[in-house]
Amino acid sequence: MQTPENFRQQNKSCFILGASGETGKVLVQELLERNIFSKITLIGRRQLTFEGKANEQLVQEVVDFEKLDDYAAAFQGHDVGYCCLGTTKAKSGTEGFIRVDHDYTVKSAELAKAGGCSQFHLQSSRGADKKSSFLYLKVKGQVEAEIEALGFDRYSVYRPGVLLVDRQESRPTEWLARKFLNGFTSVCSTSMAIPIQVVAKAMVSNTVLQPEQKAEILEHKDIMAVGKSAEK
């Protein structure tokens with residue numbers, strides 16, 4: 001059985017997409033704390049600022065997501081990729097949502113695969129289904145399927161429910177969840193909602209595990225189980 005120490009000794013590198021988002025920020029901190037990679041690269045539309053030594057430990061690649069082919073080099077030489085990209089129709093409109101959640105995500109995965117990445121971790125959503133009549137869930141399901149078709153050696157999809165986070169621009173469903181689940185939002189997961197810290201911990205912990213199948217989907221309850229085990 002592979003341990004974090006064994007994994008660390010393999011001198012692997014990773015990249016993160018969506019590091020400026022709520023889950024992405026926590027994922028960056030979790031990876032820095034767990035120290036399982038020799039190199040962590042953030043790929044995004046702008047340079048990010050971090051406190052303390054984090055700035056020294058992180059490599060940042062600024063890209064134009066509308067012209068990703070021009071930035072193929074940013075996706076080369078990574079062993080593991082994490083994708084936390086995402087927006088909403090309310091924030092970006094229907095076209096903007098599809099462009100970010102589908103186009104940018106799938107194209108990034110294609111470039112990563114071509115660049116030698118063997119392991120890809122995708123933050124998706126509970127209920128994702130390419131046949132869904134709901135645009136959000138349909139797009140999420142399409143992205144899952146298209147990235148699986150790329151044939152990564154290891155592909156993990158995370159489908160959390162409502163993400164609990166004290167964000168500045170609150171999304172309605174998350175606000176309602178916090179209202180009804182008051183008292184649980186920062187420390188506990190429920191069957192409907194989960195703190196982003198638990199999702200990030202699950203993604204990092206699952207990275208060092210060796211599943212039986214090349215492709216796997218971690219549903220809400222699976223993410224809770226893996227995320228909580230990391231806290232012990």
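All values derive from a computational prediction rather than experimental measurement. In what follows, residues are counted from 1 in the order of the sequence shown.
- Partners of Lys130 by salt bridge (Lys or Arg N to Asp or Glu O under 4.0 Å), not counting sequence neighbours: none found.
- Considering only residues two or more places apart in sequence or on other chains, Ser38 meets the side-chain hydrogen bond (donor to acceptor under 3.5 Å, both in side chains) condition with Asn11.
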Q: Run the numbers on Glu61 and Ile43 for side-chain contact (heavy atoms from CB on, under 4.5 Å), then give the verdict.
A: CA-CA 5 Å; Glu61 295 280 359; Ile43 301 177; 4.3 Å; yes
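- Counting only residues at least two apart or in different chains, ring-ring contact (aromatic ring centres under 6.0 Å, His included) contacts with residues 5-34 comprise Phe7-Phe37, Phe15-Phe75, Phe15-His78.
- Within the structure, every pair that satisfies the salt bridge (Lys or Arg N to Asp or Glu O under 4.0 Å) test and touches residues 143-152, not counting sequence neighbours, is listed here: Glu144-Arg159.
- The two atoms that bring Lys91 and Thr87 nearest to each other are CD-OG1, 3.7 Å, heavy atoms only.
- With sequence neighbours excluded, the residues that form a side chain to side chain contact (heavy atoms under 4.5 Å, CB included) with Ala202 are Ile223, Val226.
- Residues satisfying the side chain to side chain contact (heavy atoms under 4.5 Å, CB included) criterion with Gln119, sequence neighbours excluded, are Val80, His121, Arg154, Thr207.
- With Thr3 contributing its side chain and Asn6 its backbone, the two residues share a donor-acceptor pair below 3.5 Å.
- Residues satisfying the side chain to side chain contact (heavy atoms under 4.5 Å, CB included) criterion with Thr94, sequence neighbours excluded, are Lys89, Ile98, Leu135.
- Note that the CD1 atom of Ile36 and the SG atom of Cys14 stand 7.5 Å from one another [nearest 0.5 Å].
- Leu164 places none of its side-chain heavy atoms less than 4.5 Å from the side chain of Ile194.
- Residues forming a side-chain hydrogen bond (donor to acceptor under 3.5 Å, both in side chains) with Asp69 (at least two apart in sequence, or on another chain): Lys107.
- A donor-acceptor pair under 3.5 Å is absent between the side-chain atoms of Ser118 and the main chain of Phe152, judged by distance alone.
- Taken from CD in Gln197 to CG in Leu27, the straight-line distance is 12.0 Å, to the nearest 0.5 Å.
- The salt bridge (Lys or Arg N to Asp or Glu O under 4.0 Å) contacts involving residues 94-106 comprise Glu66-Arg99, Asp101-Lys140, where partners must be two or more places apart or lie in separate chains.
- Between Phe50 and Gln60, the shortest heavy-atom contact is CE1-NE2, 4.1 Å.
- Proximity of Tyr82 to Met203: side-chain heavy atoms (C-beta onward) are separated by under 4.5 Å at one or more points.
- Ile40 is listed as a side-chain neighbour of Leu32, based on a closest heavy-atom distance under 4.5 Å.
- Side-chain contact between Glu30 and Val28: absent, with no pair of heavy atoms (C-beta onward) separated by less than 4.5 Å.
- A donor-acceptor pair is defined here as one N or O able to donate and one able to accept, closer than 3.5 Å; such a pair exists between the side chain of His220 and the backbone of Gly161.
- Considering only residues two or more places apart in sequence or on other chains, Ser132 meets the side chain to side chain contact (heavy atoms under 4.5 Å, CB included) condition with Asp129, Phe134, Leu137, Lys138.
- With sequence neighbours excluded, the residues forming a salt bridge (Lys or Arg N to Asp or Glu O under 4.0 Å) with Glu5 are Arg8, listed by chain and number.
- Shown here for Gly77 and Ser13, the closest heavy-atom pair between the two residues is O-OG, 3.1 Å.
- With a 4.5 Å cut-off on side-chain heavy atoms, Ile147 and Thr105 count as touching.
- Residues Met192 and Val162 have side chains not in contact (no heavy-atom distance under 4.5 Å, counting atoms from C-beta outward).
- From Thr49, atom OG1 reaches atom CZ of Arg46 across 9.5 Å, with rounding to the nearest 0.5 Å.
- Separating the CD1 atom in Ile16 from the SG atom in Cys84 is a distance of 7.0 Å, to the nearest 0.5 Å.
- Rounded to the nearest 0.5 Å, atoms CG (Leu163) and CZ (Arg126) are 11.5 Å apart.
- Of all heavy-atom pairs between Lys25 and Ser20, the closest is CE-O, 3.1 Å.
- Asn206 and Glu216 share a donor-acceptor pair across their side chains, judged by distance under 3.5 Å alone.
- Nearest heavy atoms, Arg34 versus Ser205: NH2-OG, 2.9 Å.
- Residues Tyr155 and Leu122 form a side-chain contact, since some pair of their non-hydrogen atoms from C-beta on lies under 4.5 Å apart.
- For the pair Gly151 and Lys214, the tightest heavy-atom approach, listed with the atom from each and the gap, is O-NZ, 4.3 Å.
- Residues forming a side-chain hydrogen bond (donor to acceptor under 3.5 Å, both in side chains) with Thr41 (at least two apart in sequence, or on another chain): none.
- The shortest side-chain heavy-atom distance between Leu17 and Phe65 falls under the 4.5 Å cut-off.
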